[in-house]
Number of protein chains: 2
Amino acid sequence: MDGAQEPHNREAFRQALVNTLERRLFYIPSFKIYRGVAGLYDYGPPGCSVKSNVLAFWRQHFVLEENMLEVDCPCVTPEVVLKASGHVDKFTDLMVKDEKTGTCYRADHLVKDYCKDKLEKDTSLSEEKVAELKHVLAVLDDLSSEELGAKIKGYGITAPDTKNALSDPYPFNLMFQTSIGPSGVSPGYMRPETAQGIFVNFRDLYYYNGNKLPFAAAQIGQAFRNEISPRQGLLRVREFTLAEIEHFVDPDDKSHPKFADVAKLDFLMFPREDQVSGRQARRIAIGEAVSQGIVNNETLGYFIGRVYLFLTQLGIHKDRLRFRQHLANEMAHYAADCWDAEIECSYGWIECVGIADRSAYDLRAHSDKSGVPLVAHEKFTEPKEVEKLVITPVKKELGLAFKGSQKMVVEALEAMGEKEAMDLKATLEVKGEAEFHVCTLDKVVTIKKSMVSISKEMKKEHQRVFTPSVIEPSFGIGRIIYCLYEHSFYTRASKDGDEQLNVFGFPPQVAPIKCTVFPLVQNQQLEEVAKQIARSLTASGISYKIDITGTSIGKRYARTDELGVPFAITVDSTSSVTVRERDSKQQIRVNVDEVASVVKEVTDGVSTWGDVQWRYPTHSS
Amino acid sequence: MDGAQEPHNREAFRQALVNTLERRLFYIPSFKIYRGVAGLYDYGPPGCSVKSNVLAFWRQHFVLEENMLEVDCPCVTPEVVLKASGHVDKFTDLMVKDEKTGTCYRADHLVKDYCKDKLEKDTSLSEEKVAELKHVLAVLDDLSSEELGAKIKGYGITAPDTKNALSDPYPFNLMFQTSIGPSGVSPGYMRPETAQGIFVNFRDLYYYNGNKLPFAAAQIGQAFRNEISPRQGLLRVREFTLAEIEHFVDPDDKSHPKFADVAKLDFLMFPREDQVSGRQARRIAIGEAVSQGIVNNETLGYFIGRVYLFLTQLGIHKDRLRFRQHLANEMAHYAADCWDAEIECSYGWIECVGIADRSAYDLRAHSDKSGVPLVAHEKFTEPKEVEKLVITPVKKELGLAFKGSQKMVVEALEAMGEKEAMDLKATLEVKGEAEFHVCTLDKVVTIKKSMVSISKEMKKEHQRVFTPSVIEPSFGIGRIIYCLYEHSFYTRASKDGDEQLNVFGFPPQVAPIKCTVFPLVQNQQLEEVAKQIARSLTASGISYKIDITGTSIGKRYARTDELGVPFAITVDSTSSVTVRERDSKQQIRVNVDEVASVVKEVTDGVSTWGDVQWRYPTHSS
């Protein structure tokens, strides 16, 4: 497993892993008999089972533990929703085309490959040039279309497959587009994330929660990104499962009642300042990180801690997991703070979970577009005196002056913010009139002092109305599973030392199949016992694999170690059987009628292997 | 519940149900704040939970019980796959357009509505006319585009919304189309079913299963149909969850080893003959149905029995569930037999599960299109003598006669079937030459006796190579859930008799939330106990709702009865609490530290309410 950390071993390690994964059908390139489609993969039987287990644990760890409201919304999404969220306009990558063949490439990938290749292979580079290329790599995500185009031209980058000239970069929208209904006039998209389905339901979910904050909604489902040229195997795909949480909270109070439960956890964190000043990720207790202001607030910190527990309990190594804060330039302007859970694998540090405080952005965007206020209310126990801006347009005067446009002017006056209104008031008081821009008319009109009264008054308020902040942990399930494969995979010598055997050291909870049942020899009596045990395993809800072939026990163990099966039951008598643990290869002897419940205990996590070893006699073969 | 069976009550019953479902967020019209999209619905929190429970039970009942190979394939599917399956050419509905507004309608729906309306409301119809309209309704699904068009013209049917004239009917493909990758040259579709993902993986799955038949693969996932004009609320939607099983079996042996386990089950069946001769569905034991040849084979019968158990254990009433055999005209030409599990609800008898023996059709279609043989092998224990057709083209003679076309002629000769070859041989022997059609040349050539030798020889065969048959149970999860809502919903008078209260009588396994925790009065001590119980419920994996408001206990019960919560824990002391069962409203008294495990027992189905009632003292309030 640790071999993966040595750069020169990474490729070989990954190749061995991927061979095993494909051979044992953890995954299958989709539509393989038709030569497949880049970026689409099937989960084969063991992979599908690992995925179910990961999702079941996610539901237990997040949804059930926090009493979240889980929803399930369609993938097909009408354009208006993704227009409001910004995806129609901004969910793009910059693309260049081979000018002769029309083949498309991601512009930033070509520049990245060029720089990396130069830095690795060209020993004649000047120090200045090295610095320049490193700088380009560092700022790659920030380059505009024009800047990327200039780099491609400047470096003489051509199409990798043909060496033909390339077009200028232009934005390509990554959503799969379709059309809803038969008329062809209702454009729709396959959702690029599941979050929007939650935001548009905020009002109903808030009501369902008894009009109380904070609460979280969650969704597990497919998301789609029509990648220009998918790379990195299972890490960058065109369809994937997301599990997303939207935790709605009062922007004035982001404390979390259960923060104390996680505050003492310490793990690798990589704050913005440490990245900028070239330091390494370091262990920090999440309680410290919040109290020092490294992490913006308790709720964000709470979820970081819970994500750490989730990933490490799944089997991600804690030394190869870090929480990296977004740099200022990575973060959307509206975000209050953002951390990625990054897992180290043979491709480097990979973003697997994003944990962002998105403030009020999403709810405001949908309020504006739909006209439906997505807000929360805080009822005061007794009315509060608050200073309120009062704008009273004098309709008679405005009507005389603006006739048919009166309504638009009135609305524009009423919509003024505090500063704008007080500025207008000041000008009117000094000059008697003022220029005023009415955006719905797209022109500037002259407002006279007699046309509007502006003042601040003390008012009694019974409640506060506000747009909640959203804290969003978003999990790329496929990426987590791939990293889990890397962290779980190891090899060990066979008994005779002739070959290296593959093992997936999955925790029992994650393992695709919980146990195997092997009659020691081909014999009707032992087979009957094996089938009886199989029935009691099914009744206990334990998945198993029964192998009644005459293959040697060693080979049967090896085959199922490669599937990560944690326990093997070998039937060598009609009264008692042996149970072998995969990683230690230790065995205990258990009565036939007890064995299903013993396996259930250790796979459900009620007992550890150590516990049951202590209770049952050791068996040495 | 039974009110739903009286036609005049159906509408009122459905309205009450749908009101409750929407108000309690079992479902939400998707993108509601943007006025929604027809045929798209979200599962809100309780609906989402019911769905998870149904799917978990499906996995336990089918995948785990039968050791099925579960896979998980993408929704985005390239055109070639759906071309092979026939969906690109044939997955269509006939559509007509309002000639002025362009609004689209399903042609058969308009004709159906016209006939039904006439039959219901026009009392002046002649007997002849009544018979004609009834006949049209009966054969509606078989009418061609031209015939439907003629009916629309003949009856003077116009656009329902505008009364404008309608276009002729034309086919509209129901798949959502998209484009894969940035070039725009790779058309793709959102899958209309999950089955194709399994068929294209047959070779790998067969290998994974140790090259043994029978075995079944299963898949749960989203499917998409771009309905022309969705109707019937939750029953006809544009995106839905399917759970499909493809059971691969030797066409020469469709027996099932576990058939005896279901053979004695009897339930409502509606064989083809009974439908045609106007009889009613009747109770038949599935063992009888197979032995009498009503159901084609044991494997099909086994799955019909397992589907019956699945649906009734979920909470579908056995008297409102029937298995209806497809009529000859409903069934694809390749299908050996096909039965639908139909559930009665306020919309009538609704197809919720299709159970079809699709013979070798799907695997052959993908073998042909991809060139990859999707076949199984039966190794003989000892070689068998079989008579084989041997066709040996004499290439020298053929080369002289056909020159550049020789290859095509040779291939055409070799591709002859047994009958064609033996006919050719006979003609050649009598006349010395014969006319022969070469389809790749699109012409008829003359074959002389010297050009080919045709014979039958006895050969030793070591194995039999064949295309497996597929038996496919396909579950519309959303439809099953909707019918479950109808079968579970009932009302009862409140304690004071003033109002009718809604209850969902879900079995504990299906219920969205398993129990509630209510402190009897607002009091810190009781709230602490409530929270302690809540923590132990979470630890046991039991979903719960805690309500510490001062609302009366009666109101709190009513609120959660309407969500179908089966058990309510009321905290009235610090040592023991009451547990109330939803339907009987009976209560028992249980110690605080035992209550979580008691609730777990009854929700997991380890014990019944009757069992625990016997063990704990009754509480009368």
Side-chain angles (χ1 to χ4, degrees), chain A residues 25 28 30-34 37-38 40-45 47-49 51-52 59-60 64-65 69-78 80-81 95 102-104 172 176-183 190 197 200-201 203-205 208 222 224 226 228 238-239 366 370 372 374 538 541 543, chain B residues 25 28 30-34 37-38 40-45 47-49 51-52 59-60 64-65 69-78 80-81 95 102-104 172 176-183 190 197 200-201 203-205 208 222 224 226 228 238-239 366 369-370 372 538 541 543:
Chain A
L25 299 196
I28 307 164
S30 300
F31 318 112
K32 197 168 104 175
I33 62 170
Y34 293 103
V37 174
L40 293 180
Y41 295 92
D42 299 341
Y43 289 83
C48 188
S49 184
K51 185 182 169 187
S52 294
R59 279 208 173 94
Q60 165 79 29
L64 193 70
E65 180 72 33
L69 308 182
E70 190 180 345
V71 299
D72 183 6
C73 308
C75 301
V76 173
T77 306
V80 63
V81 173
M95 172 159 100
T103 305
C104 305
F172 172 73
F176 283 99
Q177 193 172 1
T178 190
S179 179
I180 305 174
S183 66
M190 302 312 297
V200 299
N201 281 323
R203 204 171 51 157
D204 280 345
L205 294 171
Y208 186 84
Q222 294 302 89
F224 302 82
N226 195 9
I228 293 169
R238 285 177 165 152
E239 183 178 337
H366 287 296
S370 67
V372 176
L374 302 176
T538 299
S543 60
Chain B
L25 300 196
I28 307 165
S30 300
F31 317 114
K32 197 167 102 175
I33 62 170
Y34 293 103
V37 175
L40 294 179
Y41 295 92
D42 299 342
Y43 289 83
C48 189
S49 182
K51 185 182 171 188
S52 296
R59 280 208 171 94
Q60 164 79 26
L64 193 70
E65 180 72 33
L69 308 182
E70 190 180 343
V71 300
D72 182 8
C73 309
C75 301
V76 174
T77 306
V80 64
V81 173
M95 172 159 98
T103 306
C104 305
F172 171 72
F176 283 99
Q177 192 172 0
T178 190
S179 179
I180 305 174
S183 66
M190 303 312 298
V200 300
N201 281 323
R203 203 170 54 158
D204 281 345
L205 294 171
Y208 186 85
Q222 294 302 90
F224 303 82
N226 195 9
I228 294 170
R238 285 176 165 152
E239 182 176 337
H366 286 295
K369 188 86 180 176
S370 67
V372 175
T538 299
S543 60

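Everything quoted here is computed from the prediction, not taken from an experiment. Here is how names work: the chains are called A, B, and so on, in the same order as the sequence lines, proteins then strands, and each is numbered from 1.
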K.L.:
Would you mind telling me which of B/Gly44, B/Gly181, B/Ser543 has the largest number of heavy-atom pairs within less than 4.5 Å of chain A?
P.N.:
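Of the candidates given, the most pairs with chain A belong to B/Gly181.
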K.L.:
With side chain to side chain contact (heavy atoms under 4.5 Å, CB included) as the criterion, how do B/Leu64 and B/Arg59 come out once you've worked through the C-alpha distance, each side chain's angles and the decisive distance to 0.1 Å?
P.N.:
CA-CA 6 Å; B/Leu64 193 70; B/Arg59 280 208 171 94; over 6 Å; no
K.L.:
Check whether any side-chain heavy atom of A/His366 lies under 4.5 Å from a side-chain heavy atom of B/Tyr34, and answer yes or no.
P.N.:
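A/His366 vs B/Tyr34: side chains touch.
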K.L.:
Considering only heavy atoms and a distance below 4.5 Å, find which of B/Ser370, B/Gly197, B/Gly541 pairs most often with chain A.
P.N.:
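Top count of heavy-atom pairs under 4.5 Å with chain A: B/Ser370.
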K.L.:
Among B/Ser179, B/Pro182, B/Gly102, B/Pro78, which residue forms the greatest number of heavy-atom pairs with chain A at distances under 4.5 Å?
P.N.:
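Going by pairs under 4.5 Å, I would pick B/Pro182.
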K.L.:
Among the options A/Cys104, A/Ser183, A/Ser49, pick out the one with the most heavy-atom pairs lying under 4.5 Å from chain B.
P.N.:
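Ranked by heavy-atom pairs under 4.5 Å with chain B, first place is A/Cys104.
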K.L.:
In terms of heavy-atom proximity below 4.5 Å to chain B, should A/Thr77 be classed as side chain, backbone, both, or neither?
P.N.:
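Both the backbone and the side chain of A/Thr77 come within 4.5 Å of chain B.
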K.L.:
Counting heavy-atom pairs under 4.5 Å to chain B, which of A/Tyr208, A/Tyr41, A/Phe172 comes out on top?
P.N.:
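Among A/Tyr208, A/Tyr41, A/Phe172, the one with the most close pairs to chain B is A/Tyr208.
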K.L.:
Measure A/Val372 against the heavy atoms of chain B and call it side chain, backbone, both or neither at under 4.5 Å.
P.N.:
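Looking at A/Val372, just its side chain touches chain B.
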K.L.:
Quick one: which of A/Ala38, A/Gly47, A/Cys75 has the most heavy-atom pairs under 4.5 Å with chain B, could you say?
P.N.:
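When all of A/Ala38, A/Gly47, A/Cys75 are compared, A/Cys75 has the most.
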K.L.:
Under a 4.5 Å heavy-atom cutoff, which of A/Val71, A/Thr538, A/Ile33, A/Val76 has the most pairs with chain B?
P.N.:
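The option with the most such pairs is A/Ile33.
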K.L.:
Side chain, backbone, both or neither: which part of A/Leu205 has a heavy atom under 4.5 Å from chain B?
P.N.:
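Answer is both: backbone and side chain atoms of A/Leu205 are under 4.5 Å from chain B.
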K.L.:
Identify which part of A/Glu239 has an atom lying under 4.5 Å from any heavy atom of chain B, answering side chain, backbone, both or neither.
P.N.:
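Only the side chain of A/Glu239 comes within 4.5 Å of chain B.
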K.L.:
If you count heavy-atom pairs within less than 4.5 Å of chain B, which of A/Gln222, A/Met190, A/Met95 leads?
P.N.:
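Highest number of heavy-atom pairs under 4.5 Å: A/Met190.
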K.L.:
What part of A/Ser30 gets closer than 4.5 Å to chain B, counting heavy atoms only: side chain, backbone, both or neither?
P.N.:
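Just its side chain gets close to chain B.
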K.L.:
As an exercise, state the distance from CZ of B/Phe224 to CD1 of A/Ile180, rounded to the nearest 0.5 Å.
P.N.:
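Separation between the atoms: 11.0 Å.
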K.L.:
Sort A/Asp204 into side chain, backbone, both or neither according to what part of it lies under 4.5 angstrom from a heavy atom of chain B.
P.N.:
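Its backbone and side chain both get close to chain B.
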K.L.:
Checking B/Arg203 now: which residues fulfil salt bridge (charged side-chain N to carboxylate O under 4.0 Å, His left out) with it, not counting sequence neighbours?
P.N.:
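Applying salt bridge (charged side-chain N to carboxylate O under 4.0 Å, His left out) to B/Arg203 gives none.
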K.L.:
Does the side chain of A/Ile28 come within less than 4.5 Å of B/Cys73's, by heavy atoms?
P.N.:
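Side-chain contact under 4.5 Å: no.
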K.L.:
Kindly give the heavy-atom pair with the smallest separation between A/Tyr43 and A/Cys48, and that separation in Å.
P.N.:
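Looks like CB-N, 3.7 Å.
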K.L.:
Less than 4.5 Å to any heavy atom of chain A: does that hold for the side chain of B/Lys51, its backbone, both, or neither?
P.N.:
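For B/Lys51, side-chain heavy atoms alone lie under 4.5 Å from chain A.
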K.L.:
Counting heavy-atom pairs closer than 4.5 Å to chain B, which one of A/Val80, A/Leu25, A/Leu69 comes out on top?
P.N.:
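Ranked by contacts with chain B, first place is A/Leu25.
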K.L.:
Given side chains that start at C-beta, do those of B/Asn226 and B/Arg238 come closer than 4.5 Å, heavy atoms only?
P.N.:
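Counting from C-beta outward, B/Asn226 and B/Arg238 do come under 4.5 Å.
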K.L.:
Name the region of A/Gln177, side chain, backbone, both or neither, that has any atom closer than 4.5 Å to a heavy atom of chain B.
P.N.:
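The backbone, not the side chain.
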